[in-house]
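What follows is a single structure, written as structure tokens, with notes after it.
Remember, predicted model here, so these are calculated numbers, not experimental data.
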Amino acid sequence: MSIDELYTILYKGVAFRPSDEALERVRNSYAFLREFAKDKVIYGINTGFGPMAQWRVEDDHLKELQYNIIRSHATGAGKPLADDYVRAAMYARLGSFLQGKSGVHEDIVHLLTAFLNRGIIPFIPEHGSVGASGDLVQLAHIALCLIGEGKVHYRGEWLPAGEVLANEGLQPINIYIREGLSATNGTSVMTGIAAVNQLHAENLLRLAVLSSVWMNEIAASYDDLMSEPLNACRRHSGQIRIAEQMRELAAGSRRLQQREHALYNGGHTEQVFKDKVQPYYSLRCTPQILGPILETLDNAHRVIDGELNAASDNPIIDFETRNVYHGGNFHGDYISLEEDKVKIALVRLVMTAERQLNYLMHDRINGILPPFLNRGTLGLHYGMQAMQFTATSTTAECQTLAMPNYVHSIPNNNDNQDIVSMGTNTAELCAKVIDNAYQVIAILFMALAQATDCLDIRSQLAPATGRAYDELRTFVPELVTDRPHYDEIVRVIDFLRHRG
């Protein structure tokens with residue numbers, strides 16, 4: 001299970017297939033629990049849930065107990081999560097089941113796989129999880145559909161889950177021992193959202209590296225900002241790798257200058273230099289700014305991949321040691337902390353993009369472009385002036401959203417859950433920052449293309465940045481006279497989301 005595999009499932013139409021080995025683990029775990037549980041007190045099998053674990057449930061109510069946790073916890077509120085997030089959550093739940101530590105019958109694996117592969121998307125509201133017993137409320141909405149209740153998004157419509165199951169020739173899951181508890185208990189919703197976030201965060205970083213090269217081409221910067229000797233002596237792997245990526249993208253450019261040719265030739269005697277000896281930080285320091293972001297995303301990728309292959313419910317059913325272990329593998333701190341870090345890193349990326357945009361818009365700063373990249377009549381036409389308002393406003397919202405959520409905890413559940421992760425809230429806030437980041441980056445790319453036209457330098461761009469220009473110009477024409485841009489921004493966002 002991995003973020004990379006999830007990408008092929010969500011965006012390449014690849015079907016998910018549990019391995020025979022994993023299914024065998026599921027069977028062994030179920031068979032062991034069925035025998036082990038006969039004469040023992042085990043949480044959530046013959047006891048109540050949460051603080052009610054002190055009450056025993058009689059044998060003739062054990063199936064009812066499992067249905068009750070699903071129905072009672074399907075209490076989320078707010079807008080439905082987007083389909084990608086829900087499919088990713090189901091993928092993450094499968095990852096937990098397939099560890100063979102949950103004691104569930106394999107029927108639940110097969111039905112959840114069918115949901116994932118056939119585009120049956122359970123309704124999951126955005127609000128409900130405190131990320132402590134995992135995503136109890138939001139996972140309950142998936143489980144509700146697995147028992148044939150609730151509603152699903154199917155072929156563009158919201159329909160009763162039971163109706164869709166019947167149409168697809170599928171049967172709701174049976175309750176055997178603990179399917180209700182195991183289906184609702186774990187970190188799968190926050191992990192699914194985080195995995196999708198990771199795909200977009202890594203794409204946004206690629207776009208930021210490309211736009212930074214393009215920016216420096218427009219400014220005719222000296223290329224030593226991305227040189228190997230300069231960046232290597234800082235000794236940070238992220239900075240070194242970003243500089244290397246920039247050199248690769250800049251290969252073939254005829255806009256970047258070499259300092260040894262322009263300034264080290266002994267031919268300058270003037271007291272004030274016409275060209276900037278060093279560009280502004282948002283151009284010159286991109287390896288130093290984007291490097292820590294790269295390292296942050298690398299670590300998040302590792303943690304999320306780990307969580308996709310983790311048993312995150314409670315208790316843990318271990319057929320190998322012939323025991324049942326009670327603990328807190330459902331606690332979402334790993335995801336919560338990483339999503340806060342990713343969110344903060346992306347806010348920094350957005351802030352850098354906004355400053356680069358300001359450089360392009362501000363003629364007194366760049367000294368080579370018309371104000372607001374205006375190719376029309378100054379005063380009569382306004383160029384990209386108003387688009388900067390949108391980018392600035394959106395960046396400001398990102399800065400507010402950068403406040404860490406990992407440090408928030410409100411005890412609940414009769415103080416049984418006395419410290420909680422808020423991991424799903426954190427992942428959803430990170431997703432909001434990602435949406436905002438695409439808006440700002442889209443406007444920056446539009447400005448980069450417009451600046452390229454203003455200077456008439458398409459033929460001098462590197463192949464990589466020239467290709468980006470050509471792709472944009474297939475659906476966003478050069479701006480001369482004023483026109484509305486809101487639809488164009490949406491199209492550029494969609495293009496950038498899928499370019500990587």
Is the closest basic N to carboxylate O distance between E428 and K432 below 4.0 Å?
no
Indicate whether any N or O donor in one side chain lies under 3.5 Å from an N or O acceptor in the other, for D107 and Y30.
no
As a quick check of understanding, evaluate side chain to side chain donor-acceptor pair (under 3.5 Å) for Y11 and H498, giving each step before the final call.
CA-CA 9 Å; Y11 305 119; H498 299 99; over 6 Å; no
So E307 and S312, side chain to side chain donor-acceptor pair (under 3.5 Å) or not? Walk me through it.
CA-CA 8 Å; E307 198 73 6; S312 65; 5.1 Å; no
Apply side-chain contact (heavy atoms from CB on, under 4.5 Å) to P404 and list each qualifying residue two or more places apart in sequence or on a separate chain.
D340, I344, V407
D83 and H153: side-chain donor and acceptor closer than 3.5 Å?
yes
Any ring pair (Phe, Tyr, Trp, His ring centres under 6.0 Å) pairs touching residues 118-143, not counting sequence neighbours?
F123-H141, F123-W158
Taken in chain and number order and not counting sequence neighbours, the residues that satisfy ring-ring contact (aromatic ring centres under 6.0 Å, His included) with F319 are none
Is any NZ, NE, NH1 or NH2 atom of the basic residue among E338 and K341 found under 4.0 Å from an Asp or Glu carboxylate oxygen of the other?
yes
Taking all atoms of both residues into account, what is the closest heavy-atom pair of T286 and L283, and its distance?
OG1-O, 3.3 Å
Name all residues meeting the side-chain contact (heavy atoms from CB on, under 4.5 Å) criterion together with T390; count only those two or more places apart in sequence or in a different chain, and write none if there are none.
T394, I443
Would N299 and R302 count as having a side-chain donor-acceptor pair, cut-off 3.5 Å?
yes
Using only atom types and a distance under 3.5 Å, with no angle test, would you say the side chain of T392 pairs donor to acceptor with the backbone of F389?
no
Give a yes or no on this: more than 12 heavy atoms of other residues, nucleotides or ligands lie within 6.0 Å of atom OH of Y334.
no
Ring pair (Phe, Tyr, Trp, His ring centres under 6.0 Å) contacts touching residues 58-99 (sequence neighbours left out):
F16-Y91
Could you tell me which residues satisfy side-chain contact (heavy atoms from CB on, under 4.5 Å) with A15, sequence neighbours excluded, listed by chain and number?
R17, N117
Between S211 (side chain only) and L207 (backbone N and O only), is there a donor and an acceptor less than 3.5 Å apart?
yes
Between E168 and Y154, is a side chain to side chain donor-acceptor pair (under 3.5 Å) present by the stated rule, with each step listed?
CA-CA 11 Å; E168 287 284 336; Y154 179 70; 2.2 Å; yes
For the pair E24 and R27, find out whether any cationic side-chain nitrogen is under 4.0 Å from an anionic carboxylate oxygen.
yes
